[in-house]
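Data first, discussion second: the structure below is written as structure tokens.
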Amino acid sequence: MADHVYIQDIASHVGKEVALKGWLADRTDKGKLQFLKIRDGTGFIQAVVFQKDVAPETFDAARKLTQESSLVVTGIPRAEARAPGGFELAVKDLRIVQIADDYPITPKEHGVEFLMANRHLWLRSPRQHAILRIRARIVKAIRDWFDDNGFLLVDTPILTPSACEGTTTLFATDYFGVPAYLAQSGQLYNEANAAAFGKVYCFGPTFRAEKSKTRRHLTEFWMVEPEWAYGTLDDYMRVGEEFVSYIAQTILKERAPELKAIERDVSKLRNVAPPFPKISYTDAVEILHQHGFPEFQWGEDFGAPHETTISEQFDKPVFVHRYPTEMKAFYMAPDPNDPKVCLGADLLAPEGYGEIIGGGERSADLAHLERQIAKHNLPREAYEWYLDLRKYGAVPHCGFGLGVERTVAWICKLDHVRETVPYPRMLERIYP
RNA sequence: UCCUCGGUAGCUCAAUUGGCAGAGCGCGCGGCUGUUAACCGUGAUGUUCUAGGUUCGAGUCCUAGCCGAGGAGCCA
């Protein structure tokens, strides 16, 4: 029996008989000649079956194959300019593992509703392969960057006793008779971990039960959140621009075939290098006044069209800092020079992708936090441990959160985050 | 939660003023030694989202509901 090889390694086996184990993506019957498009999870390759070169039962077996039938083929790989990918397999033998029923996803067009209902099968398509390979590489780039820059991975809990920020709706579960909630952020625990380890990050799924129905929202999404002691707003923006640039440059370098497969124009990604422009919220409001939103009032939050307009003024991601204190989370540190604004910043991605990072400097002032907790009507007893951090060695510190799905959507230039994760969880969709 | 649009064959869609339910793809059968979403011939395929209503007659009009898409708000 020939050695089993994967399609991604086929170039190093030219001229030697090998076995491929996979599925039939497509078949073209030319009479005495059949083309089989085979996939095995690592790639796609064309196999060619000539009637005169194989046993009659082998040729008949090839004719019986339906789309997505599983099979093992043996043959000899060769360079072939006419084949997609430059290589093809000259088939010598073929074994059917299973004949697939009528496969619902054809090589023609399909609508979103149909594809989402068949997400478990849609994942077999080349475009979904490219996107999810890019996602996996982005996740690795995220881990590599923090691991190589002195941050320690310290996991934060997913089941939590109360809201982190008290602003968004949480998914409730029954925790042995008491309510527990799926975490919407690891941030508060990160602050405790930063006081213990200096520089930390957490990385995992987070959950928001909001009834958001847009191309930028999932109810379950992945977020990486670094936090470090003695960090300031300016430190955060410097780390953020280095980190995001590393992700973009790594994908450009290591996932070029996938970017090409999804027809991503990479010229705009090449610009993503430090330093990023940094403007204040007040500057951003001025931009809005000059570009189609003359009515925008200082103190309002930005909506999607506002973020798009601001980001369109720049050719790389842009930090918007010093938002009005009123509209940000209770733990944000006020700017000592102007307490109306706080030391927080969001990073807006180019090309209309909106906010991919939110973060800033946290307040180290116990009295201020106690007032803020009261003002936001948060249950004080749930935050006692958090307030302890301001009693036992409080230091200035900062951190941020980066949304993985929005980052993947931007890097891939997708029009919806639902394709950036294998099984998206959205309003009114939890199947499959 | 609000606004807008949609639901017809397995899929993507068409169906004139309310008047016989259609096409392409896919699938079956036949043909073809270089196909790239092949091509040529041929055949089968329907609870028109659901429940009521108007009408001689409803895919089409009315009422209610269900499901989906796009956007808003909120956020990463």
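Just the heavy atoms: all of them, side chains too, but no hydrogens, waters or symmetry mates, feed the values below. Each chain gets a letter, A, B and so on, in the order its sequence line appears, and its residues count up from 1. None of these values were measured; they are calculated from a predicted model.
- Inspection of the A/T42 and A/D40 side chains reveals an N or O donor paired with an N or O acceptor under 3.5 Å.
- A/K37 comes within contact range of no nucleotide atom at all, as no heavy-atom separation falls under 4.0 Å.
- Between the side chains of A/R362 and A/Q187, a donor-acceptor pair is found at a separation under 3.5 Å.
- Distance OH (A/Y103) to C1' (B/A37): 16 Å, rounded to an integer number of Å.
- B/G46 and B/G10: their P atoms are spaced 8 Å apart (whole Å).
- For the C1' atoms, the distance from B/U63 to B/C75 is 38 Å, rounded to whole Å.
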Once each nucleotide of nucleotides 28-35 of chain B is scored for protein heavy atoms under 4.0 Å, what B/S/- sequence comes out, 5' to 3'? ----BBBB
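- Heavy atoms of A/I357 sit under 4.0 angstrom from primed sugar atoms or phosphate atoms, though from no base atom.
- A cation-pi arrangement is found for A/K199 relative to A/F151, the charged atom lying closer than 6.0 Å to the ring centre and inside a 45° cone about the ring normal.
- With both ends at atom P, the span from B/A51 to B/G59 equals 13 Å, rounded to whole Å.
- With C1' as the reference atom, B/U17 and B/U1 are 40 Å apart, rounded to whole Å.
- Separating the C1' atom of B/U16 from that of B/G22 is a span of 14 Å, rounded to the nearest Å.
- Nucleotides B/A14 and B/C39, compared at atom P, are 23 Å apart to the nearest Å.
- B/A15 and B/U8 have their C1' atoms separated by 9 Å, given to the nearest Å.
- By the ring-ring contact (aromatic ring centres under 6.0 Å, His included) test, A/F59 pairs with no residue at all, sequence neighbours left out.
- Between the side chains of A/R63 and A/Q34, no donor N or O sits under 3.5 Å from an acceptor N or O.
- Atom-to-atom, CE of A/M327 to P of B/C74 comes out at 9 Å; the value is rounded to the nearest Å.
- Pairing partner, B/G73: none, since no Watson-Crick or wobble contact has both distances short of 3.5 Å.
- Between the C1' atom of B/C75 and the CD atom of A/E307 lies a distance of 9 Å, rounded to the nearest Å.
- Under 3.5 Å, the side chains of A/Y236 and A/E361 contain no donor-acceptor pair of N or O atoms.
- Between A/K213 atom NZ and B/C75 atom P there is a gap of 20 Å when expressed in whole angstrom units.
- Taking a pair to require two hydrogen-bonding distances under 3.5 Å in either a Watson-Crick or a G-U wobble arrangement, B/U47 remains unpaired.
- Cation-pi geometry between A/K316 and A/F314 is not met: the NZ or CZ atom fails to fall both under 6.0 Å from the ring centre and inside 45° of the normal.
- Remark: the separation of the P atoms in B/C5 and B/A9 is 23 Å, to the nearest Å.
- The nearest whole Å value for the distance from the CG atom in A/L218 to the C1' atom in B/C74 is 15 Å.
- Base pairing of B/U16: no nucleotide in any strand meets the Watson-Crick or G-U wobble criterion (both distances under 3.5 Å).
- Under the 6.0 Å distance and 45° angle rule, A/K328 counts as a cation-pi partner of A/Y323.
- Under the Watson-Crick and G-U wobble criteria, each requiring two contacts below 3.5 Å, nucleotide B/U55 is left unpaired.
- To the nearest angstrom, C1' of B/A72 lies 13 Å from CD of A/E210.
- A donor-acceptor contact under 3.5 angstrom links the side chains of A/D147 and A/Y201, judged on distance only.
- Judged purely by atom type and a 3.5 angstrom limit, A/S311 has no side-chain atom pairing as donor or acceptor with the backbone of A/L348.
- Candidate nucleotides B/G26, B/A76, B/C74 were compared by shortest atom distance to the side chain of A/S212, and B/C74 ranks first.
- Across all strands shown, B/G10 is found opposite B/C25 as a Watson-Crick or G-U wobble partner, with both distances under 3.5 Å.
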Protein N or O to nucleotides 12-15 of chain B N or O, pairs below 3.5 Å:
| residue | atom | partner | partner atom | Å |
| --- | --- | --- | --- | --- |
| B/U12 | OP1 | A/G111 | N | 2.9 |

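- A/E210 has no carboxylate O lying under 4.0 Å from a charged side-chain N of A/R208, or vice versa, which leaves the two without a salt bridge.
- Across the protein-nucleic acid pair, A/H217 atom NE2 and B/G70 atom P stand 13 Å apart, rounded to whole Å.
- Pair check for B/C32 finds none; no Watson-Crick or G-U wobble contact set falls under 3.5 Å.
- Looking only at distances, no side-chain donor or acceptor of A/H110 sits under 3.5 Å from a matching main-chain atom of A/I105.
- Residue A/R418 is classed as a sugar-phosphate contact, given heavy-atom separations below 4.0 Å to backbone atoms only.
- The residue among A/G358 and A/T106 whose nearest nucleotide of RNA chain B is located toward the 5' end is A/T106.
- The separation between A/Q67 atom CD and B/C11 atom C1' is 12 Å, rounded to whole Å.
- A/G354 comes within 4.0 angstrom of no nucleic acid atom, judged by non-hydrogen atoms across all strands.
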